[in-house]
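The basis for the numbers below is simple: all heavy atoms, side chains too, and nothing from hydrogens, waters or symmetry mates. Chain letters run A, B, ... following the sequence lines, proteins first, then strands; residues in each count from 1.
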Protein chains: 2
Amino acid sequence: MRAGERAYRELRADIVSWRLTPGQVLGEVDLSERLGISRTPVREALSRLTADGLTEPHNGRGVVVSAISAGDVRALYELRDSLDCRAAELAAQRGDRDTFRALAEELSHAAEALSDDPDHPAYYELVDRMDAEIDHAAGNPYLQQALANVRLHLARVRRLSTSNPRRLAIAAAEHEAIARSIAEGDPALAVATTRVHLKNALGNALRTPELAPVSPVAS
Amino acid sequence: MRAGERAYRELRADIVSWRLTPGQVLGEVDLSERLGISRTPVREALSRLTADGLTEPHNGRGVVVSAISAGDVRALYELRDSLDCRAAELAAQRGDRDTFRALAEELSHAAEALSDDPDHPAYYELVDRMDAEIDHAAGNPYLQQALANVRLHLARVRRLSTSNPRRLAIAAAEHEAIARSIAEGDPALAVATTRVHLKNALGNALRTPELAPVSPVAS
DNA sequence: AACAAGGGTTGTGTATACAAAAGACGGGGA
DNA sequence: TCCCCGTCTTTTGTATACACAACCCTTGTT
């Protein structure tokens, strides 16, 4: 694989998983030595990260990992509400009903899988698959790209949120409701179920204590 | 100014203004010679353009200017509807009423300015200012960035659309209605007026004959 | 002792050289 | 005559070298 691509994915994973914390300065020389590649692909990776909003230019000198505050989470959910509701609405109009019926069925059995694994990878894989199916059903590449960007930032928040089994069980039921409303081809209901889910998800995300109340200046 | 930044803006302007047409292959060496800079900043500019969606990787070999079809315009307006309506809604909740009252007043007098200039720069400047005020009032940087991306693509379409004075006069009235609903602090009305405007704007944009009916493969 | 000026150090922006990979073209064989 | 394979060219991907700018530390002066 191309070195620049590898560097980008590695750094992105480090940021999303909070191995790199906000305020961390990313110098080109440091990274090129740490990753064993030259500065050129490192520069490419850093400019892509900055375009994604995961890093910010730092006083004209390098880039730093962006902070993410409770206000950012609210703003992200505001945008996500617009995008997810529209995607669900379109999916209900255009999607394949059997696909979403099958997803709803799987989600109804997800409660058992929740207690199996400590990090619940099977559940998150299922949610990711549903997101992908909604994207595909909406059939709108611009909407899809905007959603991908929002999900990137939200993945960062999710790694911080406490994923207690109780909330996950409720979330699974909410996802099932969304899938069923899409399967029934009911756009208005798809919007409503999505909105309900996002309202609860935001409430849960804001319960994260590690979130800075306001965007802190990286010191 | 940095050479990469200049190259990016120049190429972006060329694409948006259709001086570079879809399918045009952008080679790094060609561009570096044409712009009088080395390949390094050219590469940066091209990767940013590709991230914006204005260019696409071409068979693993360089990039080409993206095509934009009637389907793309529909998809863009689907996304724009979600984003603009939400922005107008938030602006109606959070915005400064006097600002939008003043904008509405200016727009009500825009009809006269429409006949003055062949390309109507004063009118478009006013619309851009209103967009900026809505962005500011919404106070959501993520929404703002998503909107900027959509507007970039729509600017490309607008350069192709026939801007007949009749349509522009109607559009000005629609914008005035949006500004007034925001000034009155009525979120639901702001959404409604925005949606009306977008519906008409889409109809006008789709009347552009140069738009490929489906996304053509660049030959 | 504090502040300012200057030099050194560090890091980015750009250019260029080198390497690698992916078509294009031609030759040879069936 | 057509197809396949090898080589060749062209273009991208990566490395490195150089130039310039910003910060920091030191030193001298007030």
By side chain to side chain donor-acceptor pair (under 3.5 Å), which residues pair with A:Arg167, not counting sequence neighbours?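 For A:Arg167, the residues satisfying side chain to side chain donor-acceptor pair (under 3.5 Å) (neighbours in sequence not counted) are A:Glu174.
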Can you list everything that forms a side chain to side chain donor-acceptor pair (under 3.5 Å) with B:Arg159? Sequence neighbours excluded, please.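 Scan of B:Arg159 (side chain to side chain donor-acceptor pair (under 3.5 Å), adjacent residues dropped) gives none.
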Distance in angstrom units between A:Arg6 CZ and D:dG13 P, rounded: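 To the nearest whole Å, that distance equals 15 Å.
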Those residues that, when tested against B:Tyr142, pass ring-ring contact (aromatic ring centres under 6.0 Å, His included) (two or more places apart):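 Applying ring-ring contact (aromatic ring centres under 6.0 Å, His included) to B:Tyr142 gives A:His153.
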If you fit an axis to the five pairs at each end of the helix from C:dA1-D:dT30 to C:dA30-D:dT1, how big is the angle between those two axes, to 10 degrees?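 The two end axes of the helix from C:dA1-D:dT30 to C:dA30-D:dT1 meet at 10°.
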Determine yes or no for a side-chain-to-main-chain donor-acceptor pair under 3.5 angstrom, with A:Arg86 supplying the side chain and B:Glu78 the backbone.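 Side chain of A:Arg86 to backbone of B:Glu78, a donor-acceptor pair under 3.5 Å: yes, one is there.
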Please lay out, stage by stage, how A:Arg80 and A:Leu202 fare under the test side-chain contact (heavy atoms from CB on, under 4.5 Å). CA-CA 10 Å; A:Arg80 188 188 175 190; A:Leu202 172 59; over 6 Å; no
For B:Val157 and B:Ile68, what are the C-alpha separation, side-chain angles and deciding distance, and is it a side-chain contact (heavy atoms from CB on, under 4.5 Å)? CA-CA 8 Å; B:Val157 175; B:Ile68 192 160; 3.6 Å; yes
In the 5'-to-3' direction, what one-character label does each nucleotide of nucleotides 10-17 of chain C receive under the scheme B = base within less than 4.0 Å of a protein heavy atom, S = sugar-phosphate only, - = no such atom? BSBBBBBB
Side-chain N,O (B:Asn59) to OP1/OP2 (C:dA22) below 4.0 Å: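 Checking C:dA22 against B:Asn59, no side-chain N or O comes under 4.0 Å of OP1 or OP2.
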Which atom pairs, one a donor and one an acceptor, fall under 3.5 Å between side chains of residues 45-52 of chain B and the rest of the protein, sequence neighbours left out?
residue, atom, partner, partner atom, Å
B:Ser47, OG, B:Arg43, O, 3.2
B:Ser47, OG, B:Glu44, O, 2.9
B:Arg48, NH1, B:Glu5, OE1, 2.9
B:Thr50, OG1, B:Leu46, O, 2.9
B:Thr50, OG1, B:Thr55, OG1, 2.8
B:Asp52, OD2, B:Tyr8, OH, 2.4

Go through the steps for B:Gln24 and B:Leu26 under the test side-chain contact (heavy atoms from CB on, under 4.5 Å), then give the verdict. CA-CA 6 Å; B:Gln24 177 76 253; B:Leu26 300 180; 4.2 Å; yes
